[in-house]
Amino acid sequence: MDITRVCVVGGGTMGNGIAHVFALKGFEVTLVEARKELADKALGVIAKNLDRQAAKGSISAADKEAALSRLKTALSPEEAKGFHLAVEAVSERLELKKQVFRALDAAAAPGAILATNTSSLPVTEIAAAVKDPSRVIGMHFMNPVPVMKLVEIIRGLQTSDETCKTVHDLTAKLGKTPAMAKDFPGFVSNRVLMPMINEAIACLHEGISSRDDIDTIMKLGMAHPMGPLQLADYIGLDVCLAIMGVLHEGFGDSKYRPAPLLKQMVQAGRLGVKSGAGFYEYPRK
Ligand code: CAA
């Protein structure tokens, strides 16, 4: 199938970034949000991020206008009927994702591919909610989506070779680099990234080093763009804790136990950038 019409469900940070890159690369995009004001807010963020790229000269003003003209919003998958690819980017709750997939299944064009942007939930279980699980796959974009080059593609137990190939080729058309992983807890990205962040939090808790020195060691010593504590704040400490929980439960191995300080930060409501404070402070502008 020639994929030209894309439906993105969820207009939060990941969803608006995903809609942004598809629209910029020439796809007709319908962004589904449950409420009109949320959909409008997502469009506003996309316009601002396109402006940012235009101001830097990485896209032209005409590219920006063309991308915006290819974007529309809908209140349900039903209203976005007839798409060739859907990318679900709602919050990380398994039951909610299954519900979205059932609605997408009913609204999709015949043979359409249904993708989830989950960062750690089982793609295989989400796929079991639809009639044909061979057409379900994980497309795990990284934040900020317009900037990050990777899409981790997750093959569920029943995902077909054809679906994998189509999504692999499509990712390249988006100007991103695809990398494949099987559907096991944390896939590759978060199985490797989260224990690193968790260890950085344990180092802070044990007084091995200060917040700033831990981040400096990893930034300058390992050439990471952000230190692990700053990155944890950027991702959201609640998200980090949830992913450590998936690894811990999924492998049943104590090496994945969440750092006590990570749990405590979440209990305190210090979730990082989104709550205004985490390991660092983020005063509201
Ligand atoms: N949309 C469009 N452009 C954006 C953008 C957005 N949302 N956010 C940043 N940019 C652009 C900026 O305009 C700038 O463009 P130029 O290079 O053309 O100047 C560029 O990105 C860099 O941005 P800034 O100058 O504002 O800031 P920076 O140099 O400090 O970079 C950063 C910011 C890109 C976020 C960088 O710090 C970085 O790469 N950090 C690591 C991010 C990371 O690891 N992401 C993965 C998180 S894990 C995940 O997403 C998956 C999961 O499952 C948890």
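All values reported here derive from a predicted model rather than from experimental measurement. Atoms within a ligand are numbered from 1 in the order they appear, just like the ligands themselves.
- Nearest protein heavy-atom contact of atom 44 (O) of ligand 1 is Leu231 CD1, 3.6 Å.
- Of all protein heavy atoms, the one closest to atom 49 (C) of ligand 1 is Met142 SD, 3.7 Å.
- Polar contact check, Ser58 against ligand 1: no nitrogen or oxygen pair lies under 3.5 Å apart.
- By the definition of a contact as any protein heavy atom under 4.0 Å away, atom 12 (C) of ligand 1 is in contact.
- Judged by distance alone, the side chains of Ser134 and Asp132 do bring a donor and an acceptor atom under 3.5 Å apart.
- Screening residues 162-179 for salt bridge (Lys or Arg N to Asp or Glu O under 4.0 Å) gives Lys165-Asp169 as the qualifying pairs, with residues at least two apart or on separate chains.
- Inside a 4.0 Å radius of atom 32 (C) of ligand 1 there is not any protein heavy atom.
- Nearest to atom 7 (N) of ligand 1 by heavy-atom distance, out of Val45, Leu24, Thr13, Asn49, is Asn49.
- The number of heavy-atom neighbours closer than 6.0 Å to NZ of Lys41, taken from other residues, nucleotides and ligands shown, is 12 or below.
- Here the closest non-hydrogen pair linking Phe101 and Val130 is O-CG1, 3.6 Å.
- Only the side chain of His140 comes within 4.0 Å of ligand 1, counting heavy atoms alone; its backbone N, CA, C and O stay farther away.
- Contacts between Val145 and ligand 1, counted as non-hydrogen atom pairs separated by less than 4.0 Å, are absent for every part of the residue.
- For Glu95 and Arg93, the salt-bridge test fails: no basic side-chain N is under 4.0 Å from an acidic carboxylate O.
- At the shortest separation from atom 14 (C) of ligand 1 among protein heavy atoms lies Lys56 NZ, 4.0 Å.
- Atoms CZ and CG, from Arg257 and Asn198 in turn, are 8.5 Å apart once rounded to the nearest 0.5 Å.
- We find the CG-CD distance between Leu75 and Glu33 to be 9.5 Å, quoted to the nearest 0.5 Å.
- One option in Asn16, Val147, Val239, Val21 has a heavy atom closer to atom 34 (C) of ligand 1 than any other, and that option is Val147.
- In this structure, Arg5 forms no cation-pi arrangement with Phe27, as its terminal cationic atom is not both closer than 6.0 Å to the ring centre and no more than 45° off the ring axis.
- Counting only heavy atoms, the protein gets under 4.0 Å from atom 18 (O) of ligand 1.
- The pair Arg270-Asp233 does not meet the salt-bridge criterion, since no charged nitrogen lies less than 4.0 angstrom from a carboxylate oxygen.
- For atom 36 (C) of ligand 1, the closest non-hydrogen atom on the protein side is Pro225 CB, 4.2 Å.
- The protein heavy atom nearest to atom 24 (P) of ligand 1 is Arg52 NH2, 4.7 Å.
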- [ ] Under the salt bridge (Lys or Arg N to Asp or Glu O under 4.0 Å) rule, what do Lys64 and Asp51 come out as? Steps first, then yes or no, please.
- [x] CA-CA 7 Å; Lys64 178 199 150 188; Asp51 273 339; 2.7 Å; yes
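- Using a 4.0 Å threshold on non-hydrogen atoms, atom 53 (O) of ligand 1 counts as touching the protein.
- Taking each heavy atom of Val21 and Leu174 in turn, the nearest pair found is O-CD2, 3.9 Å.
- Proximity of Met148 to ligand 1, defined as any heavy-atom pair under 4.0 Å, is confined to the side chain (atoms from C-beta onward).
- At the top of the distance list for atom 2 (C) of ligand 1, counting protein heavy atoms only, stands Pro146 CB, 3.6 Å.
- Of all protein heavy atoms, the one closest to atom 42 (C) of ligand 1 is Asn143 O, 3.8 Å.
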